[in-house]
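Note that the numbering runs from 1 along the sequence shown for the chain.
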Amino acid sequence: MLVGFDPIIAPEPKVMILGSMPSVTSLELQQYYGYRHNRFWKILSACFSMPIDTYEKKKEIILQNHLLLWDVIHSCEREGSLDAKIHNEVVNPIDQIVKQYPSLHTVICNGKKSEALYQRYFSDLPLREIYLPSTSNANRTIREPLLFEKWITALHTLLK
């Protein structure tokens, strides 16, 4: 069984960003979106004009911008890093986090697997749900400039 990470939670978070499950590389590095070709941190850096040259600086983006970063899956079986290979998942207690942080108003699902799992297990939560295309380098269904634009526009709109 693979086990994911604890959430990174800003004081009074407004927007929760949910991935599915950390990649093999992320688990090895013990860092969210640790695979260097994943575009998540590059997008957040561009959105908030903050540096990402260390993991501590990456976490500061979350902490300083009213965000909460987590994954839908707490643990699972998976061969490799692809979401399509996930089996026997156990989800995180997202409902408890929502109760604990009443400032949360929106969840962004980073990719289709995150969205499908969120809808399966947590569709009754009182949060606005937004799907955004996966920041994974495996997602080549959208050109990178458009991916950045969608994410940055959503974050700026939600965090006004």
Side-chain angles (χ1 to χ4, degrees), residues 1-27 29-35 38-48 50 52 55-78 81-136 139 147 150-160:
M1 284 296 264
L2 303 172
V3 177
F5 308 135
D6 290 336
I8 301 172
I9 307 171
E12 298 185 33
K14 296 178 182 178
V15 175
M16 176 169 27
I17 301 173
L18 289 176
S20 53
M21 179 70 185
S23 69
V24 170
T25 300
S26 294
L27 290 169
L29 295 173
Q30 288 295 291
Q31 297 181 9
Y32 277 101
Y33 302 101
Y35 186 61
N38 189 297
R39 288 135 332 158
F40 180 80
W41 293 116
K42 292 174 189 168
I43 289 169
L44 266 62
S45 175
C47 181
F48 298 109
M50 293 179 71
I52 55 169
Y55 190 56
E56 291 306 313
K57 289 181 181 177
K58 292 173 182 177
K59 290 191 296 187
E60 279 301 310
I61 294 174
I62 303 300
L63 298 173
Q64 291 183 21
N65 291 287
H66 302 284
L67 298 171
L68 188 157
L69 180 61
W70 210 8
D71 289 306
V72 179
I73 299 172
H74 166 72
S75 61
C76 68
E77 295 174 4
R78 180 185 64 205
S81 292
L82 295 177
D83 283 351
K85 300 287 186 178
I86 291 172
H87 303 287
N88 300 321
E89 71 269 1
V90 175
V91 295
N92 277 312
I94 292 167
D95 52 339
Q96 293 176 19
I97 284 284
V98 171
K99 288 177 188 168
Q100 188 176 349
Y101 294 95
S103 55
L104 282 169
H105 58 71
T106 304
V107 60
I108 294 175
C109 295
N110 184 357
K112 291 179 182 176
K113 184 69 168 189
S114 170
E115 179 189 38
L117 291 167
Y118 181 82
Q119 288 181 355
R120 182 183 314 154
Y121 294 105
F122 303 106
S123 63
D124 60 333
L125 291 178
L127 298 178
R128 175 181 180 191
E129 179 203 335
I130 295 176
Y131 161 81
L132 287 174
S134 174
T135 60
S136 169
N139 175 21
L147 176 70
K150 285 182 177 285
W151 272 87
I152 291 169
T153 299
L155 288 167
H156 281 165
T157 301
L158 295 168
L159 294 169
K160 282 185 180 176

Between atom NE2 of His87 and atom CD of Glu77, what is the distance when rounded to the nearest 0.5 Å? 8.0 Å
Side chain to side chain donor-acceptor pair (under 3.5 Å) partners for Tyr121, two or more places apart: Glu89
Show, in sequence, the C-alpha distance, side-chain angles and deciding distance for Ile62 and Leu44, and conclude whether the side chain to side chain contact (heavy atoms under 4.5 Å, CB included) test is met. CA-CA 9 Å; Ile62 303 300; Leu44 266 62; 3.7 Å; yes
Residues Ser103 and Glu12: closest non-hydrogen pair is OG-C, 3.2 Å
Donor-acceptor contact present, side-chain Ser75 to main-chain Met1, <3.5 Å: no
Please work out which of the three classes, parallel, tilted or perpendicular, describes the rings of Phe5 and Tyr32, given edges at 30° and 60°. perpendicular
Do you know the tightest heavy-atom contact between Val98 and Pro126? CG1-CD, 4.3 Å
For Lys57, the side chain to side chain contact (heavy atoms under 4.5 Å, CB included) test, sequence neighbours excluded, returns Pro51, Asp53, Thr54
Got a sec, which residues hit side chain to side chain contact (heavy atoms under 4.5 Å, CB included) with Lys42, two or more places apart in sequence or on another chain? Ile52, Phe148
Say you draw a straight line from CG of Leu2 to CD1 of Ile73; how long is it, rounded to the nearest 0.5 Å? 10.0 Å
Lys112: which residues meet the salt bridge (charged side-chain N to carboxylate O under 4.0 Å, His left out) condition with it, sequence neighbours left out? none
I need the minimum non-hydrogen distance between Asp71 and Ile94, along with the two atoms involved. O-CD1, 4.3 Å
Partners passing side chain to side chain contact (heavy atoms under 4.5 Å, CB included) against Glu129 (at least two apart in sequence or in another chain): Val107, Cys109, Glu115, Tyr118, Gln119
Indicate yes or no: at least one non-hydrogen side-chain atom of Phe40 is less than 4.5 angstrom from one of Leu69. yes
Could you pull out every donor-acceptor pair under 3.5 Å between side chains of residues 151-160 and any protein atom, sequence neighbours left out?
residue: Trp151; atom: NE1; partner: Pro133; partner atom: O; Å: 2.9
residue: Thr153; atom: OG1; partner: Glu149; partner atom: O; Å: 2.8
residue: His156; atom: NE2; partner: Cys47; partner atom: O; Å: 3.1
residue: Thr157; atom: OG1; partner: Thr153; partner atom: O; Å: 2.8

Could you pull out all residues at least two apart from Lys59 that satisfy side chain to side chain donor-acceptor pair (under 3.5 Å)? Glu56
Residues that Phe48 engages under ring-ring contact (aromatic ring centres under 6.0 Å, His included), provided they are two or more places apart: none
I want to check something: taking the side chain as every heavy atom from C-beta on, are Ile97 and Leu104 in contact at a cut-off of under 4.5 Å? yes
Partner residues of Ser26 under the side chain to side chain donor-acceptor pair (under 3.5 Å) criterion, sequence neighbours left out: Ser23
Would you check if Ser134 and Asn110 make a side-chain contact, meaning some heavy-atom pair closer than 4.5 Å? yes
Heavy-atom side-chain contact between Ser136 and Asn38 under 4.5 Å: yes
Under 6.0 Å from the CD atom of Gln100, do we count more than 12 heavy atoms belonging to anything else shown? yes
Glu60: which residues meet the side chain to side chain contact (heavy atoms under 4.5 Å, CB included) condition with it, sequence neighbours left out? Met50, Leu63, Gln64
For Tyr131, check ring-ring contact (aromatic ring centres under 6.0 Å, His included) against everything at least two apart and list the hits. none
Does Met16 reach the side chain of Ile108, with side-chain heavy atoms less than 4.5 Å apart? no
I'd like to check the salt bridge (charged side-chain N to carboxylate O under 4.0 Å, His left out) partners of Arg39; sequence neighbours left out, ordered by chain and number. Glu144
